Asks: 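This is the structure I have questions about; it appears just below.
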Amino acid sequence: MQAGRRTLEAGAPHGHPPRPCLKFRPLLRQPRGPMRLSAYFLPLLRENPSEAQIVSHRLMLRAGMIRQSSAGIYSWLPLGLRVLKKVERIVREEQDAAGALELLMPTIQPAELWQESGRYEDYGKEMLRITDRHERAMLYGPTNEELITDIFRDSIKSYRDLPKNLYHIQWKFRDEVRPRFGVMRGREFLMKDNYSFDLDVKGAKHSYFKMFFAYLRTFARMGLRAIPMRAETGPIGGDLSHEFIVLAETGESQVFCDRAWLESEILDMAVDYDSDLEPQFLRWTSLYAATGDIHDAKACPVPEDRLVTARGIEVGQIFYFGTKYSAPMKAVVAGPDGEPVPVEMGSYGIGVSRLVGAIIEASHDEAGIIWPESVAPFKVGLVNLRAGDRRCVAAADDLYARLTRAGVEVLYDDRDDSPGAKFAAMDLIGLPYQLVVGPRGLDKGVVELKKRAGGARQELSPEAALTLLGGG
RNA sequence: CGGGGCGUAGCUCAGCCUGGUAGAGCGCCAGCUUUGGGAGCUGGAUGCCGGAGGUUCGAAUCCUCUCGCCCCGACCA
């Protein structure tokens, strides 16, 4: 390794000659890092772009989270990407906790696999077909059942290797006829999809139940009330399926459920994934909830005065589909008796990029986004109201340095702008806490801490603010 | 895929009907004054008027074609 390189990694202050350093030292977050708005990339829009019709789309554009590249295809700007990564992380943690194993499959897949399953024709124009230079038919994956089944059958030959549950978080492309609503219905979208493989129906159901509860936990951690609803299985096929629906005016799905769902707590609970989950599953699904596709007004068990008809956003769906792919694709294992058995499969999807929009739909006000802390791009927005004032700069710089050092995620508005503009910007991007440093407060030795949700403010000493925010 | 709408400055939009050579507000740049909820004044920069073809002395404006985007419906994580 070269000396110059090492210097960079050691984070030597500029202007000082690099000290010899033989041991690698990790680069710490630097107090003068790029999370100052003066250095950040946050292109805010003051007005609503005309193409955006729903609130999440408008706010994502206005808050500088995304930019459209073409219909249904978006770039994620720094602020948006931070949220996407946080959502992704929660999804990953809950998958891991439920025993799923992460891998990563490619976006581009060979057509042969899809011809084998019979879906190459069935999928129609939604599948983006590509021809490579050798005239080989390829496609941009809209989902991965074929590919995962191929990987599975290549390597898993015995019932002793079951069960398996494999997932990845990867970009998908579905050439929707009508992309809309920003990231809620993009053509390109980030999805967590996983696939379970079991020897028999009992095992497959257990896998299904595990994902059922992993999903409830995942959405609850994002502050979402996602109701599991009985759903049609669609082109993926199978016979047991639930959609996880967040109720919202702007949702695309017509749904029906028992009023009790709305009165229940956010659906979070501890789960022992090794236990028999069926009783718990039956309890959770005893309360009526169904998507419009399968709801039958005549057969509905819920009396009319308890039935809620609403619109909802589908943030996830789980399927048990038996041997639909394993049989035609010959994903078989040797059973205990040595005879080949096609494996029982399920697949499970969460729209990761869609969730970002869904969270905004569920949590915003007139002024902008209100991020739940778990997915907020930063925890704290530190605002210096008077960029030209030495005292304010010193106080705000100090808070920024100490919070950052303590690992608190801070976005520091150090720009020279009017107070109103700064408040409006902070409200728009919706960080959970706003820490305001101004001359008026400093005269009294205080700073102001405002919670974005609810808008409660309190004046307190900088030390107290640090303690409260976890930087003390 | 059916139906509708819109493409003019970074954003929101006017101008088009009735052709005469490009506008406003916000934003951006410079300066000064301001500063606790989107500040004021002064000066400045920015457009292949989505693209191609046509009509015309002359096209943002009229005609034809085309591309893109949005909305409603049917379909979907």
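In this text the structure is predicted, and so the values were computed from the model without any measurement. Letters go in sequence order (proteins before strands), and every chain restarts at 1.
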Asks: Closest approach of A:P142 and A:L139, non-hydrogen atoms and distance?
Replies: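 That closest heavy-atom pairing would be CD-CD1, 3.9 Å.
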Asks: Looking at the side chain of A:F181, which of B:C72, B:C13, B:C75 is the nearest nucleotide?
Replies: B:C72
Asks: Thinking salt bridges, do A:D397 and A:R390 make one under a 4.0 Å N-O criterion?
Replies: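 Here A:D397 does not pair with A:R390 in a salt bridge, since their nearest N and O are not under 4.0 Å apart.
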Asks: Could you work out which one of B:C70, B:U35, B:C11 sits closest to the side chain of A:E47?
Replies: B:C11
Asks: For B:G2 versus B:A45, give the span between their C1' atoms, rounded off to a whole number of Å.
Replies: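 That atom pair is separated by 47 Å.
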Asks: Whole-Å distance between B:C26 C1' and A:D417 CG?
Replies: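 That distance rounds to 13 Å.
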Asks: Which nucleotide, B:G38, B:C11, B:C1, lies nearest any side-chain atom of A:R178?
Replies: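 Closest nucleotide among those given: B:C1.
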Asks: Looking only at atom C1', what distance separates B:U56 and B:C6, rounded to whole Å?
Replies: 27 Å
Asks: Name the closest nucleotide to the A:S418 side chain, picking from B:A39, B:G37, B:U35.
Replies: B:A39
Asks: Over how many whole Å does the gap from A:L44 atom CG to B:C28 atom C1' extend?
Replies: 14 Å
Asks: Under 4.0 Å: is that the gap between some side-chain N or O of A:S50 and OP1 or OP2 of B:U12?
Replies: yes
Asks: Could you identify the nucleotide paired to B:A30, looking across every strand shown and requiring Watson-Crick or G-U wobble geometry with both distances under 3.5 Å?
Replies: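 Paired with B:A30, as far as the under-3.5 Å criterion goes, is B:U42.
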Asks: Quick check: closest heavy atoms across A:V352 and A:K192, and the distance to 0.1 Å?
Replies: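 So the minimum-distance heavy-atom pair works out to CG2-N, 3.7 Å.
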Asks: When the distance from CD of A:E176 to P of B:C70 is rounded to whole Å, what number comes out?
Replies: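 A:E176 atom CD is separated from B:C70 atom P by 13 Å.
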Asks: Grab the CG-P distance between A:L37 and B:G38 for me, whole Å please.
Replies: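 After rounding, the reported distance stands at 19 Å.
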Asks: Any strand is fair game: report the nucleotide pairing with B:G68 by Watson-Crick or G-U wobble, both distances under 3.5 Å, or none.
Replies: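 Looking at the geometry, B:G68 pairs with B:C6.
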Asks: Considering only atom P, compute the distance from B:C28 to B:U64 and round it to an integer number of Å.
Replies: 42 Å
Asks: With a 3.5 Å cut-off and just heavy-atom distances, do the side chain of A:K422 and the base of B:G36 make a donor-acceptor pair?
Replies: no
Asks: Using the six-membered ring wherever Trp is involved, compare the ring planes of A:F212 and A:F281 and label them parallel, tilted or perpendicular (cut-offs 30° and 60°).
Replies: perpendicular
Asks: Under 3.5 Å for both donor-acceptor distances, Watson-Crick or wobble: does B:G36 have a partner, and if so which one?
Replies: none
Asks: Using the C1' atoms only, state how far B:G7 lies from B:A52, rounded to an integer number of Å.
Replies: 16 Å
Asks: In the structure shown, which nucleotide is the Watson-Crick or G-U wobble counterpart of B:C62, with both distances under 3.5 Å?
Replies: B:G54
Asks: In this structure, how many angstroms lie between the P atom of B:C13 and the CD atom of A:E51, rounded?
Replies: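 Rounded to the whole Å, the gap is 10 Å.
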Asks: Tell which nucleotide pairs with B:C75, taking only Watson-Crick or G-U wobble pairs whose two distances are both under 3.5 angstrom.
Replies: none
Asks: Rounding to an integer number of Å, can you tell me how far A:D416 CG sits from B:U33 P?
Replies: 13 Å
Asks: Can you tell me how far C1' of B:C28 sits from CZ of A:R415, to the nearest Å?
Replies: 14 Å
Asks: Does the side chain of A:Y215 come under 3.5 Å of the side chain of A:H242 through a donor N or O and an acceptor N or O?
Replies: no
Asks: With nearest nucleotides of RNA chain B determined for A:R180 and A:S69 from heavy-atom distances, which residue corresponds to the more 5′ nucleotide?
Replies: A:S69
Asks: Using a 4.0 Å heavy-atom cut-off across all strands, classify A:R457 as base, sugar-phosphate, or nothing.
Replies: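 Base, at least one base heavy atom under 4.0 Å.
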Asks: Quick one: label A:E243 by what it contacts on the DNA or RNA (base, sugar-phosphate, nothing), any heavy atom closer than 4.0 Å.
Replies: nothing
Asks: Taking the six-membered ring for Trp and the single ring otherwise, decide whether the centroids of A:F219 and A:F244 are under 6.0 Å apart.
Replies: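 When the ring centroids of A:F219 and A:F244 are compared, they turn out to be within the sub-6.0 Å range.
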Asks: Should A:K164 and A:I156 count as side-chain neighbours, where that means a heavy-atom distance under 4.5 Å?
Replies: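 Touching, per the 4.5 Å side-chain cut-off.
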Asks: Less than 3.5 Å apart, any donor N or O on the side chain of A:R174 or A:Y140 sitting next to an acceptor on the other?
Replies: no
Asks: Base, sugar-phosphate, or nothing for A:N48, non-hydrogen atoms under 4.0 angstrom?
Replies: sugar-phosphate
Asks: When the distance from CD1 of A:I54 to P of B:C70 is rounded to whole Å, what number comes out?
Replies: 12 Å
Asks: Using atom C1' of each nucleotide, how far apart are B:U34 and B:C70 to the nearest Å?
Replies: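 That atom pair is separated by 41 Å.
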Asks: Report the nucleotide, chosen from B:C70, B:C26, B:G73, that has the shortest atom-to-atom distance to any side-chain atom of A:R46.
Replies: B:C26
Asks: Look at all strands and tell whether A:G438 reaches a base, only sugar-phosphate, or nothing, counting heavy atoms closer than 4.0 Å.
Replies: base
Asks: Base, sugar-phosphate, or nothing for A:K125, non-hydrogen atoms under 4.0 angstrom?
Replies: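 Sugar-phosphate, backbone atoms only, no base.
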Asks: So A:G441, base contact, sugar-phosphate only, or nothing? Heavy-atom distance under 4.0 Å.
Replies: base
Asks: Given that A:K450 and A:Q53 both sit by RNA chain B, which one's nearest nucleotide is further toward the 5' end?
Replies: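 Here A:K450 is the residue nearer the 5' end.
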Asks: With P as the reference atom in both, quote the distance from B:G44 to B:G25 in angstrom, rounded to an integer.
Replies: 14 Å
Asks: Taking B:C62 as the reference, what is the distance to B:C49 when you measure between their C1' atoms (whole Å, please)?
Replies: 15 Å
Asks: Please determine whether any donor N or O and acceptor N or O are separated by less than 3.5 Å between the side chain of A:R62 and the base of B:G27.
Replies: no
Asks: Which is true for A:S353 with a 4.0 Å heavy-atom rule: it touches a base, it touches only sugar-phosphate, or it touches nothing?
Replies: nothing
Asks: Think A:Q68 has a side-chain N or O under 4.0 angstrom from the OP1 or OP2 of B:C70?
Replies: yes
Asks: If you take the centroid of each ring, where Trp contributes its six-membered ring, are A:H295 and A:Y288 closer together than 6.0 Å?
Replies: yes
Asks: At 4.0 Å (heavy atoms only), tell me whether A:G186 reaches a base, stays on the sugar-phosphate, or touches nothing.
Replies: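 A:G186: base contact, heavy atoms under 4.0 Å.
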Asks: Measuring only the C1' atom in each nucleotide, how far is B:C69 from B:A39? A whole number of Å is fine.
Replies: 36 Å
Asks: B:G36, B:G38, B:C71: which one has an atom nearest the side-chain heavy atoms of A:V436?
Replies: B:G36
Asks: Quick check for you: among B:C11, B:C70, B:C75, whose closest atom lies nearest to any side-chain atom of A:E252?
Replies: B:C75
